[in-house]
Amino acid sequence: MNEIKIFSPATVANVSCGFDVLGFCLDTIGDEMIIRKTNKKGIHITKIEGYDLPFEAEKNVAGVSALAMLEDANPDFGFELEIYKNIKPGSGVGSSSASAVGSVFGMNELLGKPYNKTQLTNFAMKGEALASQCEHADNIAPAIFGGFTLVKSVAPLEVLQLPTPKDLFAVIIHPQIEIKTSESRAILPKQIALQDAITQWSNVGSLVHALHTNDYELLSRSLTDVVVEPHRSQLIPHFKDVRKAALENGALGCGISGSGPSIFSLCYGNSTAQKVAQAIKNVYSKTEIPFEVYVSEINTKGIKIIE
Ligand SMILES: Nc1ncnc2c1ncn2[C@@H]1O[C@H](COP(=O)(O)OP(=O)(O)OP(=O)(O)O)[C@@H](O)[C@H]1O
Ligand SMILES: N[C@@H](CCO)C(=O)O
């Protein structure tokens, strides 16, 4: 096999209480990429469609993660990458990690699968660090493993795949403004109050338990964030109105997706998700800000081969 086409999914990081550790994978939106072996050594980005991004491998997250794998694998050939971007950079649903994951997943297939999912996550983290200026894997892990994931540690890297309860749907609203991950990290406090830490880790623990026990009511009570959201929500217009509309219409929880500006809601059942989507649309329709709303199942398989 000399060429592969893949679908690399969007993801929701943090999941309210799990800053930098929790994430889940979406299935209605993602990038496509073609990865091809070439006699010319190195990584060559030959096509980018959708958004204006750098072609130099060292400046594109797909190239940086690919170079990390290439250095380790050291094959006597190189790779060409074509990137068809559907996920807007800076949207908060893992645009950079979809690219970082896509290149290394495709290369691994063409190399005969020498690397496991944790090793792929490690290479992809090198690319993600280019975008956010720090290595974190809470978008990358769900894109590679699928479903809900918890990154127990990054050094050494340890990813836990969590169960996905049935009939769980995500509603995403993407206000069309750009918030760079690096900037929304910069506004966060370096220290937090002990009482907030206690609330936060109790919520992470109960959220994980809720996923294991299909306890939607406990899941709902765990989807709160007292550490990061109070700071970042100020960057997202009408965040509180969206949250109120989502909860009043039956969402289990609602929070900032990754570093924003996208906002996610988790819902039990498609009909509740559709109702929440409509209520959220109504909030943003009254504003001047362009937006997109979509409903997605939780993608339990993660990144996949298209052809
Ligand atoms: N292949 C790529 N795809 C997306 N962004 C890229 C890529 N290569 C470089 N970048 C840069 O990374 C930055 C976008 O990454 P950022 O982490 O801010 O957004 P995001 O991935 O959508 O957010 P989040 O991680 O919160 O979901 C932009 O500055 C963009 O130019
Ligand atoms: N955990 C990261 C995800 C965004 O890349 C953050 O919230 O900054």
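Numbering of ligands and ligand atoms starts at 1, following listing order.
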Quick one: list whatever passes salt bridge (charged side-chain N to carboxylate O under 4.0 Å, His left out) with D138, sequence neighbours left out. none
Please work out whether the ring planes of Y284 and H238 are parallel, tilted or perpendicular, with thresholds of 30° and 60°. perpendicular
Distances only, to 0.1 Å: what are the N or O pairs between ligand 1 and the protein that fall under 3.5 Å?
from, atom 1, to, atom 2, distance (Å)
ligand 1, 1 (N), N60, OD1, 2.8
ligand 1, 1 (N), S99, OG, 2.9
ligand 1, 3 (N), K85, NZ, 3.3
ligand 1, 3 (N), S99, OG, 3.4
ligand 1, 8 (N), N60, OD1, 3.4
ligand 1, 8 (N), V61, N, 3.1
ligand 1, 17 (O), S96, OG, 3.2
ligand 1, 17 (O), T181, OG1, 2.7
ligand 1, 18 (O), T181, N, 3.0
ligand 1, 18 (O), T181, OG1, 3.2
ligand 1, 19 (O), G90, N, 3.1
ligand 1, 21 (O), S95, N, 3.1
ligand 1, 21 (O), S96, N, 2.8
ligand 1, 21 (O), S96, OG, 2.6
ligand 1, 22 (O), G90, N, 3.0
ligand 1, 22 (O), S91, N, 3.1
ligand 1, 22 (O), G92, N, 3.4
ligand 1, 22 (O), S95, N, 3.4
ligand 1, 23 (O), T181, OG1, 3.4
ligand 1, 25 (O), N139, OD1, 3.3
ligand 1, 26 (O), T181, OG1, 3.3
ligand 1, 26 (O), S259, N, 3.2
ligand 1, 26 (O), S259, OG, 2.7
ligand 1, 27 (O), G92, O, 3.2
ligand 1, 27 (O), V93, N, 3.2
ligand 1, 27 (O), G94, N, 2.5

Taking atom CZ of F123 and atom CE of M107, what is their separation to the nearest 0.5 Å? 8.5 Å
Got a second to check how far L168's CG is from E297's CD, nearest 0.5 Å? 10.0 Å
Strictly by modelled atom types, are Y216 and D167 linked by a side-chain donor-acceptor pair under 3.5 Å? no
Heavy atoms only: give me the nearest S8-I87 pair and the separation to one decimal. O-CD1, 4.2 Å
For ligand 2, what are the residues with a heavy-atom contact below 4.0 Å? A13, N14, F19, D20, H136, D138, N139, T181, R185, R232, G258, S259
Any chance the side chains of T224 and S16 put a donor and an acceptor closer than 3.5 Å? no
Under 3.5 Å side-chain donor-acceptor pair for D225 and Q200: yes
By salt bridge (charged side-chain N to carboxylate O under 4.0 Å, His left out), E183 pairs with (sequence neighbours left out) none
